[in-house]
Every structure is written in C-alpha cells, then in structure tokens.
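A short write-up of the structure that comes next.
The model shown is predicted, which means the values in this text are computed figures rather than measured ones.
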Amino acid sequence: MYQITVSVDSAKADWLYSVDDVIRNKLKNCIAVSALDISGRRLYCSFGCEPQSKGQLLATVKECLVDMYGVVGKFDFIKRNLTIGLSQMNYELLLHTLVAFDRENERKLLNKIIRVENGMTIDGVFNFKLGELKERWLEICNLTRNNGAYLYDDETYNELLRFLISAVNPKINRLTVCESDGKYRLTGSLKNNVLDLDIISSAELMYCLIDLAPLELIIDGRITNRELSKRLIGIFDAKTTNTAENKTKK
C-alpha cells in the first residue's frame, strides 16, 4: 500500500478540518482512505491507497490543499492584517469578498507551488513558500485600510464589493433567489447539475452569493429584509422577476 502523512500545528487544525470531508469524499473515487490523529502540538493526516492509485490520490489531496490555502489560509491572513472600524456584518462581507477576489490567478500560482509529499508540513509551506501570495494579500489589506473612509458610506461600500466581485470568475451564470417561510432559496444551473439550496440567514446568503459570483441575479418575489434587498441590488445588480421578464421581451 502507498501511504503519505502531512501535518499542521494544532493551532491551525481547522485548516485541515475544513477540507477533511471533501478529501474523504473525493478519495472514494480512487479507493483511498484518510485518517486524522493529534500528537503533541501537531495534527497529522495520513492517506493510503493501492500503488496503482497513487497519482490520483496525490492529485486529489493537492486539489483540496490548494483550495485550503486559497480560502482558509487567505482568510486567516487577511483577518490578521486588516483592522478597520466597520460593523461586524460589513467587515465579514468584506473579508469574504477579498478572499474571493482574484482567486483563479491565485489558484494557478498555488498549483505551481504546492507539491504533496510524505512529511509535508502544511503550516511550513504557508510560512516559507507562499511569500509572493502573502505580499499580494498584504497589499490588498493596505489598500483597503488606506481607503477605509470610503467604506463607511453604504453606497461606496457596495460599489467596492461590486467591483471586487466583478473580478471573480463566476461559478454560475444566472441565479434566482426567493424568500419563502423565513428561508432563502437559491436556484440555478451549475454545469451539469441543478442548484437548489435553502439558506436560513441573510449573512449566509451573502457569503454564498459572493462565492458563486453570479453574472445575473434575479429576485423572485419580495425580500422582507430591506437592508438585504439593498445589498442584493447594490452589490449584485439584482433584478426583480418583472424587470428580468421585461428585459427578456425587449
């Protein structure tokens, strides 16, 4: 059996936990297994498969680790380096948007840097091999902080997030949001799959929309939360069902 083990400082254990379920599900395709174990100050994750599945296992683990660095690692870095006096909700939305910004180019760079091998230390790679990316992230933090005065106005705040999201490669073209029974339902088409998702809170809805970065967002019916409705229009240029229908007819 082929086997490798990677590790991370227990203080950053959530980095591995964040992708553990995804890795386990994807490893089923190459009939591989994984196991987590804490020893001292480190969390260890071991992967094993038959020798003929080695390439597929390494590719799967690399894909998940690239996502981990580009999302969880980037989020932690920006949060540590960006202190700005916004409301908690606006601050969290800004963090999520900055993480999504330029993700495709960062993923390409991470694919060149990350090499999965036995004994790999996830925090070591982050500390010593991601210098170019961390310089970019620090520049983003500095630019945001230096222009922080513009973020206290709702209109300019929404414009900034709208600009940042416009640079995010969309995961879906057209998305519809509908409020029903105190929940928000998102529907649309993702490649060969149909997206049909119920979301309870307005915050989670915004995080999901930032990640999906739809080219077109349609509001089907009425959104009772006026602040959320303003955000959907101001950040995503959302259209109501009637507006979208009239545009199609023209």
task: Walk me through it: do E159 and Y150 pass the test side chain to side chain contact (heavy atoms under 4.5 Å, CB included)?
output: CA-CA 10 Å; E159 285 178 0; Y150 296 103; over 6 Å; no
- prompt: So which pairs with a foot in residues 64-83 pass salt bridge (Lys or Arg N to Asp or Glu O under 4.0 Å), sequence neighbours left out?
  reply: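 The answer is D67-R107, K74-E106.
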Do [X] and [Y] come within less than 4.5 Å of each other through their side chains, counting heavy atoms only?
X: L93; Y: Y207; answer: yes
X: N81; Y: W137; answer: no
X: L98; Y: L94; answer: yes
X: E63; Y: K26; answer: yes
X: R42; Y: D123; answer: yes
X: L217; Y: L232; answer: yes
X: D20; Y: L16; answer: no
X: Y44; Y: L36; answer: no

Roughly how far, to the nearest 0.5 Å, is the [atom2] atom of [Y] from the [atom1] atom of [X]?
X: T121; Y: D9; atom1: OG1; atom2: CG; result: 10.5 Å
X: M89; Y: S202; atom1: CE; atom2: OG; result: 5.0 Å
X: L195; Y: R174; atom1: CG; atom2: CZ; result: 13.5 Å
X: L43; Y: S7; atom1: CG; atom2: OG; result: 8.0 Å
X: I165; Y: N158; atom1: CD1; atom2: CG; result: 9.5 Å
X: I4; Y: L57; atom1: CD1; atom2: CG; result: 6.0 Å

query: Any salt bridge between D237 and K239, counting N to O under 4.0 Å?
result: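 K239 and D237: salt-bridged.
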Compare every heavy atom of [Y] with every heavy atom of [X], then report the nearest pair and how far apart it is.
X: A32; Y: C49; answer: CB-CB, 3.6 Å
X: I199; Y: C208; answer: CD1-CB, 3.9 Å
X: R24; Y: A35; answer: NH2-CA, 4.2 Å
X: R162; Y: I235; answer: CG-O, 3.2 Å
X: L86; Y: Y157; answer: CD1-CE1, 4.3 Å
X: Y69; Y: I114; answer: CE1-CD1, 3.5 Å

message: With side-chain contact (heavy atoms from CB on, under 4.5 Å) as the test, pick out the partner of L186 among D198, D196, T176, L209.
response: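 The residue from D198, D196, T176, L209 that satisfies side-chain contact (heavy atoms from CB on, under 4.5 Å) with L186 turns out to be L209.
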M68 and its side-chain contact (heavy atoms from CB on, under 4.5 Å) partner, picked from V71, L65, V66: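 Of the listed options, the one satisfying the test is L65.
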Side-chain heavy atoms under 4.5 angstrom apart, residues restricted to Ile, Leu, Val, Met, Phe, Trp, Tyr: same cluster for [X] and [Y]?
X: F47; Y: I38; value: yes
X: V99; Y: V168; value: no
X: L138; Y: L133; value: yes
X: V33; Y: V61; value: no
X: L215; Y: L205; value: no

message: Before you tell me yes or no, could you show the steps for E179 and K183 under salt bridge (charged side-chain N to carboxylate O under 4.0 Å, His left out), namely the whole-Å CA-CA distance, both residues' side-chain angles and the distance that decides it to 0.1 Å?
response: CA-CA 6 Å; E179 181 179 343; K183 296 183 292 187; over 6 Å; no
message: Could you work out, with side-chain contact (heavy atoms from CB on, under 4.5 Å) as the rule, every residue matching I113, not counting sequence neighbours?
response: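 Partners of I113 under the side-chain contact (heavy atoms from CB on, under 4.5 Å) test: L109, K129, L130.
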task: Could you list the residues that satisfy side-chain contact (heavy atoms from CB on, under 4.5 Å) with S10, not counting sequence neighbours?
output: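 In terms of side-chain contact (heavy atoms from CB on, under 4.5 Å), with neighbours along the sequence ignored, S10 is linked to R41.
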Main chain of [Y], side chain of [X]: is a donor-acceptor contact present, judged purely on distance under 3.5 Å?
X: R231; Y: M206; value: no
X: R103; Y: N169; value: yes
X: Y184; Y: V177; value: no
X: S229; Y: N225; value: no
X: T241; Y: I219; value: yes
X: D14; Y: Y17; value: no
X: S53; Y: Q56; value: no
X: S166; Y: F163; value: yes

Around atom [atom1] of [X], are there more than 12 heavy atoms from other residues, nucleotides or ligands closer than 6.0 Å?
X: Y152; atom1: OH; result: yes
X: E117; atom1: CD; result: yes
X: E139; atom1: CD; result: no
X: I31; atom1: CD1; result: no
X: K54; atom1: NZ; result: no
X: I200; atom1: CD1; result: no
X: R145; atom1: CZ; result: yes
X: K62; atom1: NZ; result: yes

query: For D37 and S46, what are the C-alpha separation, side-chain angles and deciding distance, and is it a side chain to side chain contact (heavy atoms under 4.5 Å, CB included)?
result: CA-CA 8 Å; D37 180 51; S46 298; over 6 Å; no
field: Worked verdict on D154 versus K230 for side chain to side chain contact (heavy atoms under 4.5 Å, CB included)
entry: CA-CA 10 Å; D154 285 344; K230 288 181 179 179; over 6 Å; no
message: In terms of relative ring orientation, are F126 and W15 parallel, tilted or perpendicular, with 30° and 60° separating the classes?
response: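 The arrangement is perpendicular - the two ring planes meet at more than 60°.
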field: Derivation of the side chain to side chain contact (heavy atoms under 4.5 Å, CB included) call for L151 and I84
entry: CA-CA 9 Å; L151 300 177; I84 191 167; 3.5 Å; yes
query: Is there a side chain to side chain donor-acceptor pair (under 3.5 Å) between R136 and N105 once you walk through the steps?
result: CA-CA 12 Å; R136 293 185 187 183; N105 288 325; over 6 Å; no
field: Trace of the salt bridge (charged side-chain N to carboxylate O under 4.0 Å, His left out) decision for D211 with K171
entry: CA-CA 8 Å; D211 180 58; K171 293 183 179 179; 3.1 Å; yes
